[in-house]
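Let me begin by presenting the structure, written as structure tokens, before commenting on it.
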Amino acid sequence: MAGKVFVRTHGCQMNEYDSSRMLDLLRDSHGLEPTGDEGDADVILLNTCSIREKAQEKVFSELGRYRQLKARRPDLIIGVGGCVASQEGDAIAARAPFVDLVFGPQTLHRLPELIDARRASSGPTTVVDVSFPEIEKFDRLPEPQAEGPTAFVSVMEGCSKYCTFCVVPYTRGEEVSRPLDDVLVECVDLAAQGVREINLLGQNVNAYRGPTADGGIADLAELITYVASIDGIDRIRFTTSHPVEFSDSLIDVYATVPELVSHLHLPVQSGSDRILALMKRGHTALEYKAKIRRLRKLRPDISISSDFIVGFPGERERDFEATMQLIEDVGFDTSFSFIYSARPGTPAADLPDDTPMEDKKARLQRLQQRIRNHALQISRTMVGSQARILVTGPARKDPGELQGRTENNRVVNFRPPAGVDPAALVGSFVDVEIVEALPNSLRGAFLAGEAREVMAS
Ligand code: SAM
């Protein structure tokens, strides 16, 4: 069945990764080519997110649009995957009977069979498979194709922390890690395709406990050390982490592995010990700061970003002030922050919540303003310094310029030097001087490139 597939992705980087794998899979199994135009697609897949109510509601409004497409083209296959699918299962078929497939994050590798089953059935049936067959998914996915110099590699799935606000353990299942060798083989393959930066992915990636060939278990610290030894891999990131799993062995790796970037994303959610306990986070604000202090002894310039939830049930003004104090103490770089969204089935959804939404919104604004100020301050301190950036492609606004990323994930736009083929610089590291800090990017002046690219021109 040749044709085209359109995938709409909501939510986290794990979902982005899963969507790319779906495209690889359907190209291999059914010869389906990706399209950016849903009106042109034979298969439409919606990869959903249920972390907050808003994300979940988007799914049903989007499905309303697809229903009209399906009315015009009854052969069109519409599939709903991701965490909403996992949570709602058959309820999606009941609410939107024109949906052909419902599959979860752990069954997306079965898409080819699900499509065949749907095509083979007559009448309006929805094929639903939202089971949790653990790690089978990774054994069944085709080898990833590099899409540039950076790549995500999923190393574990799910979460076993059961924070009281979070749906992830219920939608993605408990923590399951891929075997160490499987992850390394994927990284070696990607390096052979020109990838220079690997982002190790997982809902709780620092809870990684991958089985090794000799019957042992490797943690994230060991995995990072191995990945760093792969020829061609010069930068390693990992997303996203839980503070209780931010172990001493992982902190020590910052002293021994220069490929590990000087940027850490470590979600804290709140600076109030009372709220942290209600969230069942398993640590205090002081314990969080102690970990950051240890890390900064090894990497004084490391930038730290985080996730915050504002307006958790029962959050009082003084709890919020404790969060603002933590932000001041740590000096967080660009971070993600959200108003608490009650998720059905999670313990926090039953907690009394008497804070007016107006107050929550005002707190969120104050918090975001404080973080923006910090981020801009960090950018300004970079002006005049030299930065090594990985060139990812042409600049967005001016295609005559190139764009790259610093270790702390800032976009730097710069003009390639005269006489050098810009295309030859893409995928390589260059040194730039940071000459200007803008709200969402930096401006750089080219200093030097890796010898092979500059000589290739
Ligand atoms: N594993 C990491 C941790 O718990 O520290 C974060 C993973 S979580 C999938 C991504 C982020 O979504 C969380 O850090 C949190 O800030 C946000 N989030 C999760 N549940 C939420 C909820 N019910 N309301 C608002 N934000 C939520």
Side-chain angles (χ1 to χ4, degrees), residues 10-18 47-57 82-84 86-87 105 154-177 200-208 220 238-247 250 264-272 275-276 278-285 287-288 291-292 304-315 320 323 326-327 330 332 334-351 353 355 357 360-361 363-364 367-368 371:
H10 295 291
C12 63
Q13 284 156 326
M14 298 286 291
N15 270 13
E16 296 284 349
Y17 178 88
D18 282 351
N47 194 5
T48 63
C49 169
S50 62
I51 202 90
R52 285 172 293 278
E53 193 181 358
K54 226 179 185 168
Q56 180 152 352
E57 273 313 306
C83 290
V84 175
S86 179
Q87 192 167 288
S154 182
V155 305
M156 59 83 69
E157 289 261 337
C159 181
S160 311
K161 299 294 174 285
Y162 291 94
C163 298
T164 57
F165 53 81
C166 192
V167 288
V168 169
Y170 314 101
T171 56
R172 289 219 173 226
E174 295 216 331
E175 289 158 4
V176 185
S177 296
L200 302 169
L201 266 192
Q203 242 81 36
N204 251 339
V205 70
N206 57 345
Y208 177 76
L220 185 67
F238 57 90
T239 329
T240 177
S241 292
H242 191 293
V244 295
E245 300 279 2
F246 196 62
S247 62
L250 186 51
L264 167 69
H265 185 73
L266 193 59
V268 68
Q269 317 300 355
S270 171
S272 154
I275 297 295
L276 287 170
L278 284 173
M279 289 175 164
K280 202 164 95 42
R281 293 290 287 175
H283 66 85
T284 62
E287 283 161 348
Y288 182 92
K291 285 179 193 254
I292 301 295
I304 315 282
S305 58
S306 196
D307 291 348
F308 298 91
I309 294 179
V310 171
F312 185 80
E315 182 190 75
F320 177 69
T323 302
L326 182 72
I327 291 173
V330 175
F332 286 105
T334 314
S335 298
F336 299 105
S337 44
F338 317 92
I339 290 183
Y340 168 74
S341 167
R343 305 315 294 129
T346 59
D350 298 327
L351 292 175
D353 185 2
T355 311
M357 184 48 86
K360 294 186 180 190
K361 284 185 179 164
R363 285 177 195 167
L364 182 70
L367 183 147
Q368 291 183 332
I371 301 250

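Excluded from the calculations below are hydrogen atoms, water molecules and symmetry mates; all remaining heavy atoms, backbone and side chain alike, are included. In what follows, residues are counted from 1 in the order of the sequence shown. Computed from a prediction, not measured in an experiment: that's the story for all the values here. Each ligand, and each atom within it, is numbered from 1 in the order the structure gives.
Judged purely by distance below 3.5 Å, without hydrogens or angles, the side chains of Ser337 and Gln368 pair a donor atom with an acceptor atom. Defined by atom type and a distance below 3.5 Å, a donor-acceptor pair is missing between the side-chain atoms of Gln269 and Tyr340.
With sequence neighbours left out, Ser247 forms a side-chain hydrogen bond (donor to acceptor under 3.5 Å, both in side chains) with Ser249.
Of the options Gln203, Met279, Glu175, a side chain to side chain contact (heavy atoms under 4.5 Å, CB included) to Lys161 is made by Glu175 and by none of the others.
Note: Phe336 and His265 have perpendicular aromatic rings, judged against thresholds of 30 and 60 degrees for the angle between ring planes.
If you look at Phe308 and Phe332, their ring centroids are closer than 6.0 Å.
For ligand 1, residues of the protein lying within 4.0 angstrom by heavy-atom distance are Ile51, Arg52, Phe165, Val168, Gln203, Asn204, Thr240, Ser241, His242, Pro267, Gln269, Arg281, Asp307, Ile309, Phe338, Ile339, Tyr340, Ser341, Arg343.
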